[in-house]
Amino acid sequence: MQEGIEKFNFEHFHQVFTLLGRCTEDYLFVYDLQQDLYTISEAAVERFSLSESTFYQATDRLQAVCYPDDWQMLQENIQGIIDGTVYEHNMEYRWLSSSGHPIWISCRGQIILDDNGKAKYMVGRITELGRRNIIDNVTGLYREPRLWSDLSKIAKEPEKHGYLLQVGIDNFKEINDKYGKAYGDDILLTIADCVRVCVNDEGSIYRMDGDEMLVVMEKPSASEVDPARKLYHRIRQKVDESISKSGYQHFYTISGGSVYFDGQTDIDEDFIKQAEFALHQAKIKGKNTYVKYNKEEYELFVKRLDMQERLRQAVEDNFRGFELYYQPIVNIEKHKILGAEALLRWQDEVFGRVSPAEFIPLLEESGLIIPVGRWIMKTAMKQCQKWQKEDPDFRVNINLSFIQLKKSDVIKDIDGYMDELHLSSRNILFEVTESGELEEGNMTKKILQSFQKRNLNLAIDDFGTGYSNFRYVKEMMFHLVKIDQSFIRNITQSQYDYMVVKQFTELAHSLNLQVCYEGVETVEELQCVLELHPDYIQGYYFAKPVPAQEFEENYLCKIQGF
């Protein structure tokens, strides 16, 4: 608190602090409490919901810029200063940005009294809490607040053009976990130095979250087709030289992703996300490489995220839009329908009817396949229970994801539903898609072998698509092999496919395994595959997958066209 100041020239002070405000990242302010007059650094007008830097009726204007939940706290402090019961202003609260988003600020003010000892002025500074760490302590690069400040200036240039190059260290988390944070910091500093040398004074460099750095290059050479690619390769070469000089004590690689801008580009948060996406694509495509932003790929990526969110909402809303279709499976020896495979379908209000090939991988990536898988099992088993009244031997095939096998107690779920519905194990068969995960460690093997202990039937689906190995088929106690439809599709034209299916079938039968052919669609295909003596056939020749009611009306205990 300052006392005994007889005169305070507001206008002169305003001129002084305007100059001072240009020398600091903070916003300086003077609040004339008696005239309700407020003045603040001009930079605050662009950042916050303020129309001018000096205004009367300051109380009302401060209420408008203050985040509503914080206003009462601020008002009580100001009123206490005016009443003489509070002697300082040192608070953290939120102001609204020019776009209406809340920004946390630290506001400190000193009080100047008039001749009567009443509070006349509050003089102080406002700091954005998010800007305290403006320079990264590890690399010495600017942090994101400075990036947004610089990009906002570029955005206002009508003739702007250039690019962003985002660089990331491959497998940085594993490096930190294995060698420690200090080791990781050394690598960050080394790469930052490499980027500095390559960029020189031609662009600006910023430290992003984690292991990533962003280069902003304005007005690159128009003669180069993809200057961002050239810069990435210069940086990578410099990094390789650094690794070589260290005697390969450190070894790591970097990936890069770029996005270009011009006078028509909106430089905002979505624009930064495009650079992040390009870097992400580079890492997906094998790391230690560069990718330029592709609009079509990004829109597909965003669509997948939106679809995944719609799937989450559907699951939360009692599995809204999900339905099981059933496709007949024909017993060749008995010339009748053995049962049906339960196949998941999904129709959404936004995306319409979505292909299983599109939405099932999203369920697996998000882990939603676990609750959806439980819903499939219970729904299919209930349907099987109903159809057993028409045919006691009727069987329903239910698909299981490896996510269910590895991340949920699928055996407990199966036991619970089968006990609840009084189903026999002979009426349910579980299909597991062929995958390299079949050979990963002992966990998956033990889970699948536990099916055998409970006398549960197992089939390996899509057999022949890349990991075919009858050894693990036999070891893991599969009962049925389903030959993938890609072999059946060309079986009448391709002698190779014919012989492959023939050999698969004979070997499976020699191991006492049953065989089902998928994807039989024409009479020619049917006549051809019957020569190979499969146990079961499934395909459009007999029926497409249909809803339960239609299956019941048209196919239950029947067979058409055979």
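Below, each value reflects all heavy atoms present in this structure, side chains not excepted, and no hydrogens, waters or symmetry copies.
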S.K.: Is it the case that K295 places NZ or CZ above or below the six-membered ring of Y298, under 6.0 angstrom from the centre and within 45 degrees of the axis?
M.R.: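 The answer is no, since K295 fails at least one limit relative to Y298.
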
S.K.: So, taking the atom named NZ in K502 and the one named NE2 in H533, what distance separates them when rounded to the nearest 0.5 Å?
M.R.: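 Between K502 NZ and H533 NE2, I get 9.0 Å after rounding to 0.5 Å.
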
S.K.: Using modelled atom types only, decide if a donor and an acceptor are shared between the side chain of S255 and the backbone of N288 within a distance under 3.5 Å.
M.R.: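 Side chain of S255 to backbone of N288, a donor-acceptor pair under 3.5 Å: yes, one is there.
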
S.K.: So, K181 and D185, do they make that salt bridge, N to O below 4.0 Å?
M.R.: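 Yes, K181 and D185 are salt-bridged.
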
S.K.: Could you check whether atom NZ of K382 has more than 12 heavy atoms from other residues, nucleotides or ligands sitting under 6.0 Å from it?
M.R.: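 Not more than 12 within 6.0 Å, no.
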
S.K.: Please work out whether the ring planes of F551 and Y326 are parallel, tilted or perpendicular, with thresholds of 30° and 60°.
M.R.: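 Ring orientation of F551 relative to Y326: tilted.
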
S.K.: For the residue pair G256 and A282, what are the closest heavy atoms and their distance?
M.R.: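 Distance-wise, the nearest heavy atoms are O-CB, 3.5 Å.
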
S.K.: Which distance, rounded to the nearest 0.5 Å, do you find between the CG of L405 and the CD1 of I370?
M.R.: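 Answer rounded to 0.5 Å: 10.0 Å.
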
S.K.: Is it possible for you to check whether R395 lies under 6.0 Å from the centre of the six-membered ring of Y536, through NZ or CZ, and within 45° of that ring's axis?
M.R.: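 So R395 does make the cation-pi contact.
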
S.K.: Does any donor atom in the side chain of E524 or T492 lie under 3.5 Å from an acceptor atom in the other side chain?
M.R.: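 Their side chains do not contain a donor-acceptor pair, so the 3.5 Å distance test is not met.
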
S.K.: With a 6.0 Å cut-off (strictly less than), is the heavy-atom count around OH of Y183, excluding the residue itself, greater than 12?
M.R.: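 Count over threshold, so yes.
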
S.K.: Using the six-membered ring wherever Trp is involved, compare the ring planes of F261 and F271 and label them parallel, tilted or perpendicular (cut-offs 30° and 60°).
M.R.: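 Answer is perpendicular, since the angle exceeds 60°.
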
S.K.: Has the side chain of D535 got a donor or acceptor atom that lies under 3.5 Å from a matching backbone atom of V515?
M.R.: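 Side chain of D535 to backbone of V515: a pair is present.
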
S.K.: Using side-chain heavy atoms (C-beta onward) and a distance below 4.5 Å, is V372 in contact with F319?
M.R.: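 Yes, at least one pair of side-chain atoms sits under 4.5 Å.
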
S.K.: What I want to check is whether the side chains of E323 and Q347 have a donor and an acceptor closer together than 3.5 Å.
M.R.: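 Judged by distance alone, the side chains do not pair up.
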
S.K.: Quick one: does any side-chain atom of Q404 pair with a main-chain N or O of S401 as donor and acceptor, under 3.5 Å?
M.R.: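 Yes, the answer is positive, given that a donor and an acceptor are paired below the 3.5 Å cut-off.
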
S.K.: I need the minimum non-hydrogen distance between L363 and L344, along with the two atoms involved.
M.R.: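 Shortest heavy-atom separation between L363 and L344 comes out as CD1-CD2, 4.1 Å.
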
S.K.: When you look at CD of Q264, are more than 12 heavy atoms from neighbouring residues, nucleotides or ligands closer to it than 6.0 Å?
M.R.: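 Open.
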
S.K.: Decide yes or no for E518 and D461: does some side-chain heavy atom of the first lie under 4.5 Å from some side-chain heavy atom of the second?
M.R.: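 Yes - at least one pair of side-chain heavy atoms lies under 4.5 Å apart.
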
S.K.: Do Y540 and Q327 come close enough that some side-chain heavy atom pair is under 4.5 Å?
M.R.: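 They are in side-chain contact.
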
S.K.: Under a 3.5 Å cutoff, is there a donor and acceptor pairing between the side chains of Y260 and D226?
M.R.: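 The criterion, which ignores hydrogens and geometry beyond distance, is satisfied for D226 and Y260.
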
S.K.: Could you grab the distance from atom CG of N457 to atom CD of E431, nearest 0.5 Å is fine?
M.R.: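 Spacing of CG (N457) from CD (E431) equals 11.5 Å.
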
S.K.: Taking the side chain as everything from C-beta on, heavy atoms only, tell me whether R310 gets closer than 4.5 Å to E349.
M.R.: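 R310 reaches E349 side chain to side chain.
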
S.K.: Test side chain to side chain contact (heavy atoms under 4.5 Å, CB included) on F430 and I414 and set out the steps.
M.R.: CA-CA 10 Å; F430 297 96; I414 292 170; 3.6 Å; yes

S.K.: Mind running side chain to side chain contact (heavy atoms under 4.5 Å, CB included) on E552 and E390 for me, showing each step along the way?
M.R.: CA-CA 10 Å; E552 191 170 309; E390 299 290 335; over 6 Å; no

S.K.: Checking N399 against E341: is there a side-chain donor and acceptor pair closer than 3.5 Å?
M.R.: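 Per modelled atom types, E341 and N399 side chains form a pair under 3.5 Å.
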
S.K.: I want to check something: taking the side chain as every heavy atom from C-beta on, are D497 and F487 in contact at a cut-off of under 4.5 Å?
M.R.: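 In short, these two side chains touch, coming nearer than 4.5 Å.
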
S.K.: Using a strict cut-off of less than 4.0 Å between a Lys/Arg side-chain nitrogen and an Asp/Glu carboxylate oxygen, indicate whether R320 and D317 qualify as a salt bridge.
M.R.: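 Result for this pair is yes, salt bridge flagged.
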
S.K.: With the side chain counted from C-beta on, respond yes when R312 and S366 share a heavy-atom pair under 4.5 Å apart, and no when they do not.
M.R.: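 Yes - at least one pair of side-chain heavy atoms lies under 4.5 Å apart.
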
S.K.: Would you name the heavy atoms of Q308 and L362 that are closest together and state the gap between them?
M.R.: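 Heavy atoms of Q308 and L362 come nearest at NE2-O, 3.4 Å.
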
S.K.: Donor-acceptor pair, distance only, cut-off 3.5 Å: does the side chain of Q385 make one with the backbone of L421?
M.R.: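 At least one qualifying donor-acceptor pair exists.
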
S.K.: Are any of the side-chain nitrogens in R426 or D393 under 4.0 Å away from the carboxylate oxygens of its partner?
M.R.: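 Salt bridge: yes.
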
S.K.: At what distance, to the nearest 0.5 angstrom, does CD1 of I428 lie from CE of M418?
M.R.: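 The CD1 atom of I428 sits 5.5 Å away from the CE atom of M418.
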
S.K.: Of the non-hydrogen atoms in N294 and F277, which two are nearest, and what is the gap between them?
M.R.: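 Smallest heavy-atom distance, with atoms named: O-CE2, 4.3 Å.
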
S.K.: Could D391 and K334 be called an ion pair, given the rule that one side-chain N must be under 4.0 Å from one carboxylate O?
M.R.: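 Answer for the salt bridge query: no.
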
S.K.: Should we say atom CG of D270 is surrounded by more than 12 heavy atoms from elsewhere, each under 6.0 Å from it?
M.R.: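 It does: D270 CG has more than 12 such atoms within range.
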
S.K.: Starting from the C-alpha separation in whole Å, work towards a yes-or-no answer on side chain to side chain contact (heavy atoms under 4.5 Å, CB included) for L188 and I169.
M.R.: CA-CA 8 Å; L188 283 168; I169 305 171; 3.7 Å; yes

S.K.: Is any side-chain heavy atom of V523 less than 4.5 Å from a side-chain heavy atom of Y541?
M.R.: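 In short, these two side chains touch, coming nearer than 4.5 Å.
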
S.K.: Using the rule given for side chain to side chain contact (heavy atoms under 4.5 Å, CB included), can you reason through K292 versus R229, listing the C-alpha separation, both sets of side-chain angles and the distance that settles it, and then say yes or no?
M.R.: CA-CA 8 Å; K292 182 180 176 181; R229 174 187 291 274; 5.9 Å; no

S.K.: So which heavy atom on V354 is nearest to which on F351, and how close?
M.R.: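 Smallest heavy-atom distance, with atoms named: CG2-CB, 3.8 Å.
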
S.K.: Looking at I254 and Y232, what are the two nearest heavy atoms and their distance?
M.R.: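 Closest pair (atom of I254, atom of Y232, distance): O-OH, 2.8 Å.
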
S.K.: Using 30° and 60° as the class boundaries, would you call the ring planes of F301 and H280 parallel, tilted or perpendicular?
M.R.: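 Plane angle between 30° and 60°, so tilted.
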
S.K.: Using atom types as modelled and distance alone, determine if a side-chain donor or acceptor of S424 lies under 3.5 Å from a backbone N or O of N427.
M.R.: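 Absent.
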
S.K.: Kindly compute the distance separating CG (L532) from CE (M499), expressed to the nearest 0.5 Å.
M.R.: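 Going from CG on L532 over to CE on M499, the span is 9.0 Å.
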
S.K.: To the nearest 0.5 Å, how far apart are CG in L530 and OH in Y517?
M.R.: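 Here the rounded value is 9.5 Å.
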
S.K.: With heavy-atom distances below 4.5 Å as the criterion, would you say the side chains of Q383 and L324 are in contact?
M.R.: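 Q383 vs L324: side chains apart.
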
S.K.: Before accepting this row, confirm whether a basic side-chain N of the pair K303/E299 lies closer than 4.0 Å to the acidic partner's carboxylate O.
M.R.: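 Salt bridge: no.
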
S.K.: Between the main-chain N or O of A228 and the side-chain N or O of S258, is there a donor-acceptor pair closer than 3.5 Å?
M.R.: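 Between the backbone of A228 and the side chain of S258 there is no qualifying donor-acceptor contact (under 3.5 Å).
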
